[in-house]
Amino acid sequence: MLSFTDHCRFCGGVIPVTKMSNIRLYCSPKCCCADEYRLRKAARLDARADRVCGWCKTPIPAEVHGLARYCTLRCAVHMENLRKRERRKRAKT
């Protein structure tokens, strides 16, 4: 007799009772992988939460690429122009 009491941690689907059902958390490998991806993505976004722009010092949104150092392209261009000016000054002296 099958009893459908356990539910998948990711999709909520029913996990049928088998020899291993008491330790199963997901109804399928697909749900397991999807939940792992969701957890890793949340951890990455949390790690990026406290980044600040190198030019204007405003927070960089967590959704922006992990290697981003500036909040917008405009800030990146301003910083690059500043670097060019400093290099020219050093070259003249």
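Residues meeting the salt bridge (Lys or Arg N to Asp or Glu O under 4.0 Å) test with R83, sequence neighbours left out: E80. Applying the salt bridge (Lys or Arg N to Asp or Glu O under 4.0 Å) criterion to R38, with sequence neighbours excluded, gives D35. Legend: residues meeting side chain to side chain contact (heavy atoms under 4.5 Å, CB included) with A68, ordered by chain and number and at least two apart, are R51, V64.
More than 12 heavy atoms of other residues, nucleotides or ligands shown are found within 6.0 angstrom of CZ on R44. Summarising the local packing, CZ of R69 is surrounded by 12 or fewer heavy atoms from other residues, nucleotides or ligands at distances under 6.0 Å.
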ask   = Can you check side chain to side chain contact (heavy atoms under 4.5 Å, CB included) on I15 and H7, steps first, answer last?
value = CA-CA 5 Å; I15 299 174; H7 297 282; over 6 Å; no
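Residues I60 and V52 fall into different hydrophobic clusters, defined by Ile, Leu, Val, Met, Phe, Trp and Tyr side chains chained together at heavy-atom separations under 4.5 Å.
Among all heavy-atom pairs drawn from C8 and C27, the shortest one is SG-N, 3.4 Å. The two residues C75 and C71 come nearest to each other via the heavy atoms SG-SG, 3.7 Å.
Atom CG of D46 is separated from atom NZ of K41 by 12.5 Å, given to the nearest 0.5 angstrom. In this structure, CZ in R48 is found 8.5 Å from CG in L67, a value given to the nearest 0.5 Å.
Applying the side chain to side chain donor-acceptor pair (under 3.5 Å) test to residues at least two apart or on different chains, none of the pairs has a partner in residues 57-68. A ring-ring contact (aromatic ring centres under 6.0 Å, His included) check over residues 23-46, counting only residues at least two apart or in different chains, returns nothing.
When hydrophobic side chains of Ile, Leu, Val, Met, Phe, Trp and Tyr are connected at separations under 4.5 Å, M79 ends up clustered with W55, Y70, L82.
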